[in-house]
Amino acid sequence: MTPVQFDSCASVSNILFPIIFLFKWFLISFDTTSQATSPFTVFPGIHLRMWLQGVLVLSLLSAVSGGADSKAVTTTLTTKWADTPLLLEASRCTTITTSAQCLQMTSVCADTDQAYYDLLVKKASALLSSVQMNMLKFALSLRAYSATVHSFQQIASNEPPPSGCSAFFSVHGEKTCNAESLAALPKPYLFKGDHTYPGSNPDAPVVILYGEFGKPDFQRLHQIITPKVYEGQATYVLRHYVANPSEKKVYLSGYGVELAIKSQEYKAKDDTQVQGVNTTVIGENDPVDEVQGFLFGKLKTLYPELKEQLKELRKHLVESTNEMAPLKVWQMQDLSFQTAARILAAPAVDALNVMKDLSQNFPTKASVFEVLRSEARVMEGLRSLLIESPYIHDILKLNVQPSDSDYAVDIRNSAINWINNLETDHRYSSWPYNVQELLRPTFPGVIRQIRKNFHNLVIILDPTQENASELLSVAEMFYANNIPLRIGLVFVVSHDDDIDGMQDTGVALVRAYNYIRDEVDSQSAFEAVISVMPIGGQLSVGDVVKVLEKRFPYVEVSSVLGADSSYDGNRKEGRAYYEQTGVGPLPVVMYNGIPYQREQLDSDELETNTHIHTHTLYDQYTNKSVSKNVLPLRSFLSVIMTITYEIRVDSRSTSSSIFLFAINRFSKMNSFTIKLMTNSSITKQQKTSNNARLGMINNPSAAPSAETSRVARAIWAAMQTQTANNAKNFITKMSKEEAAVALEKGVDIGDYLFFLQGMDVSLFKSAYESPKFDFLLSHAAYCRDVLKLKKGQRAVISNGRIIGPLEEQEVFNQDDFLLLESIILKTSGERIKSKVQQFGIEEDRSSDLVMKVDALLSSQPKGEARVEYGFADDRYSAVKIRPKEGDMYFDVVAVVDPVTRDAQKLAPLLLVLKQLINVNLRVFMNCQSKLSEIPLKSFYRYVLEPEVVFQADGSFSPGPMAKFLDMPQSPLFTLNLNTPESWMVESVHTRYDLDNIYLEEVENIVAAEYELEHLLLEGHCFDVSSGQPPRGLQFTLGTASEPVIVDTIVMANLGYFQLKANPGAWILKMRKGRSDEIYKIYSHDGTDSPADSDDIIVVLNNFKSRIIKVKVQKKPEKFNEELLSDGTEENDTGFWKSLTRGFTGGGNIEEPKQPKDDVINIFSVASGHLYERFLRIMMLSVLKNTKTPVKFWFLKNYLSPTFKEFIPHMAKEYGFQYELVQYKWPRWLHQQTEKQRIIWGYKILFLDVLFPLAVDKILFVDADQIVRTDLKELRDFDLEGAPYGYTPFCESRREMDGYRFWKSGYWASHLAGRKYHISALYVVDLKKFRKIAAGDRLRGQYQGLSQDPNSLSNLDQDLPNNMIHQVPIKSLPQEWLWCETWCDDFSKKSAKTIDLCNNPMTKEPKLQAAVRIVSEWTDYDQEIKRLQTRVQEGANHRTKQQGTGNEHAQPVSADTA
């Protein structure tokens, strides 16, 4: 055989290709050949090992001739807080599902992490089902409860813990390791997330145990307190506390990492050599197993001795695969279809992996957990009722949750005082009368003006309540602005016959209203009521008298208001209407009979909600589906006042079904089951209903005894010993009040048996006279622990729904039962009954089954109605993965375009679901045709694992990690994290430039380490007096020991603000100073403190978003003062005008007290090592030329760890101040996805919120600028009333005329002769900027323009130039900014700053231009480098002295200097 000669790498590839083809064919043959066939013969005379070695030699030759190591990028995200024990996280997960058994897992000890985890899982498996176990493993992998555990750690640290105690008691503030006394002191406030030990007596002293499961001290104190719980002496609350937290951090998952391909049109790479590179160890099994058909995992297993050669072969194949050649337009058009075809061609079991690989490498819902767990709980409950899987899915599709708008109160009642009538009032006479006007197009948000009473707003209120004036003001606004809304008032005041309006304010107002209505008209009466209502105060009789005397001076006021007044119409009817409707606490607002929820009654939300409801009515009209469920008066007790609570259905416990007592066993199945909790239960329901069963549970107000339980024992004995009919008649008799009174007086029970023929008296008496009260104790425990009722409280349970607790004087009568029955039957009872009938279950069991199924379904949180989508055909367009037969399964349907960002996220999620649960999965390909550009320009990894992962030695793996393996080396990448809205993350450790990753210059791995620095607390704040946000109001967030940790400013529209926090309990206050001098807190919603508490406590105990609402009110003596002292409130209150808030970062919270003229504030932004290098040089140029003290403000969001470590040393060396400001882009503002555009947005969109109010002026200086003058001159420049000043673009370099886009087209027309300004340097008068609400206006314009991807191409300068007519710009003299691209050489000598603009003609790299254009740039650069060298040498010296052997200098944490 003639040896083959290799002349080049290309010839190697040419010969290698057919050999690779043969090898692929062989692998397929080998994979399908039976074991009897020799695996070592491919062709006669060719041995596999020899053949494989030949292939490897060829690949080695190719690799030697030009190969390079494969490159990778990895990303991890950790918490700022210490690692929390998995045992504690597991306990939080299991307390939610099996709270009574959670402490069985308190002892978990093992030698290795994996053994510890396995033991934990083993113990948990005794408490949980297989599906719940998978949910637990997933929760531990997500570390979903780490924030919960750490929140208790923070709460414990604020106690603070007593010294020397690893676990301790806190008894009403007294902290100790020993429990010697439980004194009855004022109780502490308990948080919603607190776990109260089962059986705790809510009336006993509260004992809080802080400790760590599994530790001896915890076990000792736990054993001390539990006997006291059983004796009713304590309420036992457990909070996690780890005395010695781990030095490790929590590695998070549930986020995405994007490696975007960056344009290299302008060279923007730093040439500084990277030193001290951190690396991440990637296991051998991590790289993709299959490359071009070779299964390298199988090959390494079969031929371990060829491991190194196989590695080289794989590297060669990867490099040949990863070349990224640009595609022609015709090649792009069908990419989506080609990708879908590739996915569908794969075997079903591999299709998701193919989809994940293709979508995530295309250029070559923690909420999900909550949904899964909720769904699994219901499905397991149904399965425990012996319902088969196909029926389970049919039942789940039943929409049994009534929405609040399904039912309406009848508003056709004389008790309502209608202010206007759209159909008859003259003021509406010009409106069209034809209902066809509903179909006429109109602007969004506009209610059609039709002369019909389509829209009716009824306000039920007590006029003496403080919030009454606020609601009436909104109604008056609707009326005055001719909103097509009929408005009605129901006054709820005293109904006593002999009441005197001269003493009772409410009665006085009603009588005054009636008098004016009778004398003039309803509109005048309404206007009088509006005028009499005080703003933010309490209405008095004197206020009513003043209005009457002013408007009707000839009338004797006492004749109108006095006891003998004849103007009492509707006074009693109003209260009766309110009581009969049962709509809940006052005030109540109803739109067409549908009550608004309590949180919708804010004046700022009422208008929005009314608009929404009117458009809903329009939609219903056009779809001919207007609701007909108008109920009689007692309607909303069962709808609005319902607290849904599941009656637990657990195959392991029958405790929840013991207390369902059947009084009648009907021959046909019942679809409606009622339980009545009352001390003396009475009902006539059975006489009028054939659908309901009645059971009774006693909830005594005191401990049961022979004397206090006569009625309850009599009812119980009758139910246990008598026939259903006799028991029913007996209970009806016993429920009469005279029977209870007689028994209490000692009358013999037999006297009441005389009238009931057919009862077994002896059997009844033996049961009645039994000395045991076990059943009463179990009833009381059930009411306390399951139903969460207090002693003596009454309620009604209907198929698992709790209506109550009822007020002391509230009556639940026969009409209410009939109405409740009607609602349950319509919403769920009949539907579930029809399904259960299909099961063929015996009659005796079917009624119970309907009740239990209804209880399970109604326990689910309200959400969107389930919809079953039908697909015509799924043979060719769907990936189908069938579930395991016989097991409960989840039905999942996904519709996705495989080459979109959604597919990049969805594919890994579906893979995890497939591993996590038994799933019936269908993925439909929804492709897009005729693509004109690459649909995905980034690599993407979604970090999500179904279970905790370990290393070979049994230790935890280095956390969930995004791995970009075998990446192409020619593109320039930028790394971005896509995290949940409430997460604020920052890069904390990497020496590489994550903004410019060029893998050709990387040795092996770029390891990026991020940290979850803060969780975001968001809120909205309004002034109750004006209804507007209190612009300039400042809030602080802290703890009792450290009240001010971070602060924030409330801005205009929506009153939006945001604060940085972490898990724990935090106190929100108004900042000391003008804020708390002018305002006081009026109310708050969504917080964790009692409504009457002065301090607003907010507990962050999970990774979800948290939004609160705060109302404030001006103090009476400050009513005319403004927070922004030289500003004015604006009349323009458009929706987008005030969407903002940011906050300052760092510890310098208090406002500076020094004179404002002694410091120059300079703001700048940078991302990437090159621009940070420019930024340091810019700072040095400022410091060399400016004599006034300087304070730099940097946007922290995108700064590298290297810059943040170095800046404190530079500040110390050159004597300047600095502060890092941070801001999370608001979720409601249109999001930018490209990092550069996001940074541009921060330059202009949030100037009013990034800096404290004490900062009067801010100068923005671009990072790539050189300053040659004292910036005090710019700071003091007269802006002549404009909020900011910019430098116009130069026009002196004539050869660039063709690139001056603002000289023609849209910009020439829009500017109308004005200059187009550059955003590299500008000065902002923040006082004026805030005064005219410039930030709100800019954001409003941005929101509109940014919807068009072709607008705002240069966001940071296009936006202010576009808004030049609304927010004027003062043009700075041209010498303030010289740029070679646009300015001629002659003007350079007078330049005060030089900007290194990109040149669209030459595309010259930045570094090259800097050295050539700016003579002093190199000197500045070398000076900074010398300082960096000294800093690094000092760090290395300290590290060497400490003997740590740490490769990196420790980061210096400083937000301020």
Side-chain angles (χ1 to χ4, degrees), residues 90 93-94 96-98 101 117-118 120-142 144 347-353 368-398 646 648-653 832 835-836 838-841 845 849 852-853 855-857 859-860 866 868-869 871 874 878-894 906-924 944-948:
C93 185
T94 54
I96 296 171
T97 53
T98 54
Q101 300 166 313
Y117 177 80
D118 291 342
L120 172 62
V121 168
K122 181 180 178 181
K123 289 204 170 195
S125 64
L127 308 175
L128 305 175
S129 67
S130 60
V131 175
Q132 289 171 334
M133 277 305 304
N134 285 339
M135 292 295 106
L136 172 61
K137 292 176 182 178
F138 189 39
L140 295 178
S141 172
L142 284 172
V349 69
D350 298 325
L352 289 181
N353 278 311
V368 173
F369 169 68
E370 297 295 336
V371 171
L372 282 176
R373 195 176 63 181
S374 173
E375 198 81 347
R377 182 173 57 81
V378 178
M379 291 173 66
E380 287 198 309
L382 294 173
R383 190 62 181 266
S384 70
L385 298 175
L386 305 180
I387 300 175
E388 297 298 325
S389 291
Y391 290 124
I392 287 177
H393 291 282
D394 287 342
I395 290 174
L396 285 173
K397 292 170 186 174
L398 297 175
E646 175 200 355
R648 292 192 179 275
V649 182
D650 193 335
S651 59
R652 308 175 188 196
S653 171
I832 295 173
K835 286 291 180 185
V836 170
Q838 300 174 12
F839 301 165
I841 299 173
R845 179 171 170 253
L849 189 59
K852 293 176 181 179
V853 169
L856 274 168
L857 296 183
S859 69
Q860 290 182 294
R866 296 173 187 262
E868 184 175 10
Y869 293 99
F871 297 94
D874 62 1
V879 175
K880 290 166 284 191
I881 298 177
R882 300 304 180 195
K884 298 175 185 176
E885 293 187 5
D887 292 342
M888 183 184 75
Y889 64 85
F890 291 75
D891 194 26
V892 179
V893 176
L906 185 63
L909 178 61
L910 292 176
L911 275 170
V912 168
L913 287 182
K914 180 171 168 288
Q915 300 173 63
L916 196 65
I917 55 178
N918 190 24
V919 61
N920 179 31
L921 175 63
R922 288 177 295 166
V923 183
F924 289 87
L944 196 65
E945 295 176 353
E947 192 173 354
V948 179

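Given the structure is predicted, the values throughout are model-derived calculations rather than measurements.
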Response to the item:
In short, Lys914 meets Val919 closest at the heavy-atom pair CA-CG1, 4.0 Å
Worksheet item: For the residue pair Leu856 and Gly381, what are the closest heavy atoms and their distance?
Response: CD1-C, 3.5 Å
Practice prompt. Measure across Val912 and Phe138 and return the closest heavy-atom pair with its distance rounded to 0.1 Å.
Written response: CG1-CE1, 3.8 Å
Worksheet item: Can you check whether Phe890's main-chain N or O pairs, donor with acceptor, with His393's side chain at less than 3.5 Å?
Response: no
Worksheet item: Under a 4.5 Å cut-off applied to non-hydrogen side-chain atoms, are Val378 and Leu396 in contact?
Response: yes
Worksheet item: Do the non-hydrogen side-chain atoms of Val892 and Asn920 ever get within less than 4.5 Å of each other?
Response: no
Worksheet item: With sequence neighbours left out, what residues match Glu947 under side chain to side chain donor-acceptor pair (under 3.5 Å)?
Response: Tyr117
Worksheet item: For Lys397, what residues pass the salt bridge (charged side-chain N to carboxylate O under 4.0 Å, His left out) criterion, not counting sequence neighbours?
Response: Glu868
Practice prompt. First locate atom OG of Ser374, then atom CZ of Arg377, and finally report the distance between them rounded to the nearest 0.5 Å.
Written response: 5.5 Å
Discussion item. Let's go through Val923 and Leu910 carefully: what are the C-alpha distance in whole Å and the side-chain angles of both, what is the deciding distance for side-chain contact (heavy atoms from CB on, under 4.5 Å) to 0.1 Å, and is it a yes or a no?
Written reply: CA-CA 9 Å; Val923 183; Leu910 292 176; 3.8 Å; yes
Worksheet entry | Approximate separation, where rounding is to 0.5 Å, of Leu921 CG and Leu911 CG | 9.5 Å
Item to complete: Kindly compute the distance separating CG (Asn134) from OG (Ser141), expressed to the nearest 0.5 Å.
Response: 12.0 Å
Discussion item. Are the side chains of Lys137 and Val948 in contact, using a 4.5 Å heavy-atom criterion?
Written reply: no
Response to the item:
CD of Glu380 to CZ of Arg373, rounded to nearest 0.5 Å, is 12.5 Å
Worksheet, complete the sentence: Shortest non-hydrogen pair, Ala376 vs Val131, comes out as CB-CG1, 3.6 Å
Fill in: More than 12 heavy atoms from other groups under 6.0 Å of CD on Glu885
no
Discussion item. Any donor-acceptor pair under 3.5 Å linking the side-chain atoms of Asn918 with those of Asp887?
Written reply: no
Worksheet entry | Separation between CG of Leu372 and CD1 of Ile917, rounded to the nearest 0.5 Å | 5.0 Å
Item to complete: Starting from the C-alpha separation in whole Å, work towards a yes-or-no answer on side-chain contact (heavy atoms from CB on, under 4.5 Å) for Val853 and Leu382.
Response: CA-CA 7 Å; Val853 169; Leu382 294 173; 3.9 Å; yes
Worksheet item: Rounded to the nearest 0.5 Å, how far does CE of Met379 lie from CG of Asp891?
Response: 9.0 Å
Worksheet, complete the sentence: Looking only at heavy atoms, the pair that brings Met888 and Arg383 closest together is N-NH1, 3.1 Å
Discussion item. Could you report the tightest heavy-atom contact between Ile387 and Ile392, atom names first, then the distance?
Written reply: O-CD1, 3.5 Å
